[in-house]
Amino acid sequence: MQPPVLSPYQSLMAATPVVHRTVQVQDRTTHFWEYGPTEAEAEAEAEAEAEARTGTAPATVLAVHGFRGDHHGLESIAAHLVAGHPTGVRVIVPDLPGFGVSDPLPTSDLDGYVHWLEGFRDALGLDRDTVVLGHSFGSIVVSAAVAAGLDTRLLVLVNPIAAPALQGPRAIGTGVAIAYYRLGAWLPRQLGLGLLRNRVIVRAMSIAMLKSRRPSLRRWVHDQHDRYFSAFANRTSVLEAFRTSVTHDVAQFADRIAVPTLLVAAEHDDITAVPEQRALAERLADAELVVVPGVGHLVHYETPAAAASAVLRRMQTS
């Protein structure tokens, strides 16, 4: 593979401290990346702030990425959060089980992901003061977890899946995608993996989601998808995860989410349109909807500064 394309946010990323760690969750290894000050540094800063009685104490954000991605997809938002928080914030981004380098679940269904997220948070000693953020498929996972009792002072949903993928105008496209993943799992191993990791298909997915016309940004996003969109553990886990992603949506859990919620939607999101995002926000007990103009389902790549700014602003009041 060619050398990586430099990120448009490279200087910010280079200035952001990051540590790669692992933790055992349900006897399986989860890899995660910690951006910003370490826990010890954050505690020291918090004590200093408390003594000075100025500003707000350093915070923690636990961020869950979307389907077929890994932690790299949320690095840019993490860096903007770290750089923009007035007193310091650490952002923890795990590779979902079965993606990136984390071990897969026995069964990659929604219950499995919810129990994993609960176990991951417990293993790291995080509590309700931790802001919980999910992008795309990650929005389903974190919403289901909060509906099941995972407490947080603020739930953030970036490009949330606000409506069923198997209904409405997306039903045909979803059906085609289901057939694609089923075929990838049914074919002999090498042929199936070749289909699922086919660079032409991955590039077509990337082009369909990307809205920016900036050549440098487009090259970087395509490179990100080329490098990380096929980093899944095996064909079974990716098929199960895809089924989970298209048979659930955040709206299923709206009536059981009582915590303050920030929805960061996109004007041109082909996965969930703005009217569906508004309908979801109206069903939530305490919700704010921010619509980022001129972008689609890749807010985390195309407009991470706008997403981080909305999150930081809401963190100050929640």
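All values below come from the heavy atoms of this structure, side chains included, with hydrogens, waters and symmetry mates left out. For the single chain, residues carry numbers from 1 onward in sequence order.
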Do the numbers put R197 on top of the ring of F232, so that NZ or CZ is under 6.0 Å from the six-membered ring centre and no more than 45° off the axis?
yes
Regarding D103 and R28, does a basic nitrogen lie under 4.0 Å from an acidic carboxylate oxygen?
no
Can T60 and R90 be counted as having a side-chain donor-acceptor contact under 3.5 angstrom?
yes
Salt-bridge test for D286 and R314: reply yes if a basic N is under 4.0 Å from a carboxylate O, no otherwise.
yes
So does D109 get a backbone contact from the side chain of T107, meaning a donor-acceptor N/O pair under 3.5 Å?
no
Donor-acceptor pair, T152 side chain versus T130 backbone, under 3.5 Å?
yes
Is the Y228-F99 ring centre distance short of 6.0 angstrom?
no
Backbone of G138 reached by a side-chain donor or acceptor of S136 within 3.5 Å:
no
What's the verdict on ring-ring contact (aromatic ring centres under 6.0 Å, His included) for F32 and H20, showing C-alpha distance, side-chain angles and the deciding distance?
CA-CA 6 Å; F32 67 97; H20 174 200; 8.0 Å; no
Any sub-3.5 Å donor-acceptor pair from Q252's side-chain atoms to D249's backbone N or O?
yes
Is any side-chain N of the basic residue among K211 and D270 closer than 4.0 Å to the acidic one's carboxylate O?
yes
Just checking, any donor-acceptor pair under 3.5 angstrom between side chains of H71 and D95?
yes
Cluster question for you: counting only ILVMFWY and a side-chain heavy-atom cut-off of under 4.5 Å, with indirect links fine, are L6 and L217 together?
no
Side-chain donor-acceptor contact under 3.5 Å, T272 with D269:
no
What residues, two or more places apart in sequence or in another chain, satisfy ring-ring contact (aromatic ring centres under 6.0 Å, His included) together with Y181?
F67, F242
Looking at T247 and R243, would you say the former's side chain and the latter's main chain have a donor-acceptor pair under 3.5 Å?
yes
Evaluate the ring planes of W220 and Y301, with Trp represented by its six-membered ring, and classify them as parallel (under 30°), tilted (30 to 60°) or perpendicular (over 60°).
perpendicular
Going through the checks in order, is the salt bridge (charged side-chain N to carboxylate O under 4.0 Å, His left out) test met by E288 and R313?
CA-CA 12 Å; E288 176 188 357; R313 175 184 53 77; 2.6 Å; yes
Of V158, V264, L262, which meets side chain to side chain contact (heavy atoms under 4.5 Å, CB included) against L133?
V158
Applying side chain to side chain contact (heavy atoms under 4.5 Å, CB included) to R189 and not counting sequence neighbours gives L193, R235
Side chain of Y180, backbone of L196: donor and acceptor closer than 3.5 Å?
yes
When you measure from the side chain of T244 to the backbone of S108, do you find a donor-acceptor pair of N or O atoms at a distance under 3.5 Å?
yes
Flag, side chain of R153 to backbone of M315, donor-acceptor distance under 3.5 Å:
yes
Can V250 be reached from L150 by stepping across I, L, V, M, F, W or Y side chains whose heavy atoms are under 4.5 Å apart?
yes
Looking at D223 and R219, is any side-chain nitrogen of the basic one under 4.0 Å from a carboxylate oxygen of the acidic one?
no
Whether Q26 side chain and H115 backbone form a donor-acceptor pair below 3.5 Å:
yes
Polar contact flag, side-chain donor to acceptor under 3.5 angstrom, S230-R68
yes
May I ask you to check whether H300 and H80 place their ring centers less than 6.0 Å from one another?
no
